[in-house]
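Here is the structure we will look at, set down as structure tokens.
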Amino acid sequence: MSSMTTAMPGPNQDWVEDQQDQFLILKAFLTTCHHFFGDFGTLFQTVDDPRRPELITYPLEALVFAGILMYFCRVGARRQIAHLFRKNGPSAAKFQALFGTDTCPHGDTLNAAFGRLNADQVQAVVTALVRTLIRKKVLYRYRLRDYHFLIAIDGTGRLTFPERHCPHCMTVTHYGKTTYYHPVLEAKLVLPNGFAFSMLTEFIENPGENPSKQDCELKAFYRLAKRLKAEFPRLPICLSLDSLFAGGPTMSICEKNNWKFMIVHKGEDIPFIHMEFESLLPLTPENHLTLLTGPQGKTRQEYRWINDISYTDSEKEKHTIAVLACVESEPHPKEPDQTKTTRFRWITNFTLKDKQVIELANQGGRIRWKIENEGFNVQKNGGFDLEHAYTTDPVASKVFYFLLQIAHLLAQLIEKGSLFRQAFPDGVGSAKNIAFRLLEAWRNLRLNAHRIQGIRDARLQIRFAPP
């Protein structure tokens, strides 16, 4: 009788498996970028480079790629580019293969060059990425009611300084202490599978040091809406907005642009609509729907709605709107014997029908929280360090912000794409782990230019999970 022994994996096998994992994560990164958007040189060809050609060491595409890689790998600071990418052999070889440079550019080189760019042109690149995904019908299956693209608009803080940073700083004073800050208003395409892509950014900033009135989210919204219509004139859009925007001017803009809207409505916002809704509810008992959902059907949602409410705003503009309300009751997460009740209400210009209210509430109204969670929260607390001042130059600061948005978009495409999910069927833990693994692969995996080109040019399909 012969005996059979099972060979235990040795150090060499572990090394081979580690190399294979590094190759797969690098392949997911480079192939996904190239598959959807092509070369970085082509992507940024519309951005003017004001530098003197004879003095250029690093082409513009190498600079922006280094900035995007900095954010994607969550390295946390511009100076880390030199420590992690520039002074590393495998990293330098990859930059040489991709851009023909001797190594990765220094973070200070990025800062100096970005301060001379036209930030609006870089913004146009961010918008073009989303337009490409829409044009290629990558996102069609995630449309609201199979037609509208849901865009959530909300503001967030970006940079805060104890002293004036530039003439355009916003200011707030508490207890005699003035804080200088730079918020933004974002229009993000939010989808039920978790995607949250920046489409347009409106920087909220004062025209000078002593304005008669400061800039604000509402003023920024009017500017942003005008830009959104210009960039996507025929795109079927539904805006998902918080209660700050509940008012006649917002409705007029949406009606003029042929947009749908779902606006959070609180009782104190437009009291007339609140009173009309409450008074008409007893007269329309048929406008009622109950849904049991959640684990074991223990979450109960009660929907009520009213159509054709006539409202005349302060500018004497007339609007016909509907109101949709949902009362959700679910077991309390900390006290199982208790019930947690949450109330939602939205103003909309959809005509509400019982076959549509659930989708409109959950995928039109409530989904706007994704701009906070998958959007701002990830960018602030998920390693992208949105609130970190990567530069003090006002123009470079905007460019870095846009590169963060590109890195975040790519990270979402890779994490949810079939190429990554097939390579790592059990996942790798959190999204930060994807960034950490790419950082390891970029710094340790040695690939020649021919193999890198083969990775980028691979012909394949990348699919995303259904909504």
Can a cation-pi geometry be assigned to Arg158 and Tyr401, taking NZ or CZ under 6.0 Å from the six-membered ring centre and within 45° of the ring axis?
-> yes
Rounded to the nearest 0.5 Å, what separation is found between the NZ atom of Lys136 and the CD1 atom of Ile134?
-> 13.0 Å
Quick one: does Lys219's side chain get under 4.5 Å of Lys213's, heavy atoms only?
-> yes
Please check if the distance between the ring centroids of Tyr390 and Tyr71 is under 6.0 Å.
-> yes
Is it true that Phe277 and Trp346 have ring centroids separated by less than 6.0 Å?
-> no
In Å and rounded to the nearest 0.5 Å, what is the CZ to OG1 distance from Arg51 to Thr57?
-> 8.0 Å
Please list all pairs passing the ring pair (Phe, Tyr, Trp, His ring centres under 6.0 Å) test where one or both residues lie in residues 128-151, with sequence neighbours left out.
-> Tyr140-Phe149, His148-Phe350
Ring-ring centroid check Phe99 Phe65, cutoff 6.0 Å | yes
Among Val172, Thr171, Thr173, the one residue meeting side-chain contact (heavy atoms from CB on, under 4.5 Å) with Thr179 = Val172
In this structure, CG of Leu191 is separated from CZ of Phe464 (nearest 0.5 Å) by 10.5 Å
Compute both the distance and the angle, then confirm whether Arg443 meets the cation-pi test with Phe85: under 6.0 Å from the six-membered ring centre, within 45 degrees of the axis.
-> no
How about Phe384 and His408: are their ring centres within less than 6.0 Å of each other?
-> yes
